A.B. asks: 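Here it is, the structure, as structure tokens.
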Amino acid sequence: MLAGKYASSRDAQLRCMVVKKLKPLPIECVVRGYLVGSGWNSYQKTGTVCGLRLRAGLGSGDFRHV
């Protein structure tokens, strides 16, 4: 699978993989509890996320304890 000077390198063989070029799959991921993205934008403007008022002083990426 590996050619040249790397063919006998056990370290290189363990770190390599066969890949195939694919088209991107556009997805959206929701991670609950962390203040990022549009939730962060909303919090900065209104202090709320999805209609829920959050405590003052939170920063981007902070975890919101329920």
Side-chain angles (χ1 to χ4, degrees):
M1 191 166 287
L2 293 173
K5 66 180 183 176
Y6 300 108
S8 63
S9 168
R10 179 77 175 138
D11 189 47
Q13 289 177 1
L14 292 173
R15 294 173 181 259
C16 293
M17 66 179 82
V18 177
V19 297
K20 180 178 179 182
K21 188 171 184 170
L22 300 172
K23 292 181 181 177
L25 177 63
I27 61 169
E28 182 175 335
C29 178
V30 176
V31 179
R32 305 218 184 271
Y34 290 92
L35 192 53
V36 294
S38 61
W40 170 242
N41 293 335
S42 175
Y43 173 75
Q44 286 181 300
K45 292 175 186 172
T46 65
T48 65
V49 176
C50 298
L52 300 173
R53 178 146 310 275
L54 302 180
R55 65 180 166 85
L58 294 174
S60 177
D62 281 352
F63 183 73
R64 184 184 72 84
H65 298 281
V66 179

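Quick caveat, the model's predicted, so the values are computed rather than measured.
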A.B. asks: For Arg53, which residues count as a salt bridge (Lys or Arg N to Asp or Glu O under 4.0 Å) partner, sequence neighbours excluded?
C.D. replies: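 If we apply the salt bridge (Lys or Arg N to Asp or Glu O under 4.0 Å) test to Arg53, skipping adjacent residues, there are no hits.
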A.B. asks: What I'd like to find out is whether the side chain of Leu22 reaches to under 4.5 Å of the side chain of Lys20, using heavy atoms alone.
C.D. replies: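 Counting from C-beta outward, Leu22 and Lys20 do come under 4.5 Å.
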A.B. asks: Pairs under 3.5 angstrom only: tabulate donor-acceptor contacts from the side chains of residues 43-50 to other protein residues two or more places apart or in another chain.
C.D. replies:
from, atom 1, to, atom 2, distance (Å)
Tyr43, OH, Arg55, O, 2.8
Tyr43, OH, Gly57, N, 3.1
Tyr43, OH, Leu58, N, 3.0
Gln44, OE1, Trp40, NE1, 3.2
Thr46, OG1, Ser42, O, 2.9
Thr46, OG1, Thr48, N, 3.2
Thr46, OG1, Thr48, OG1, 2.7

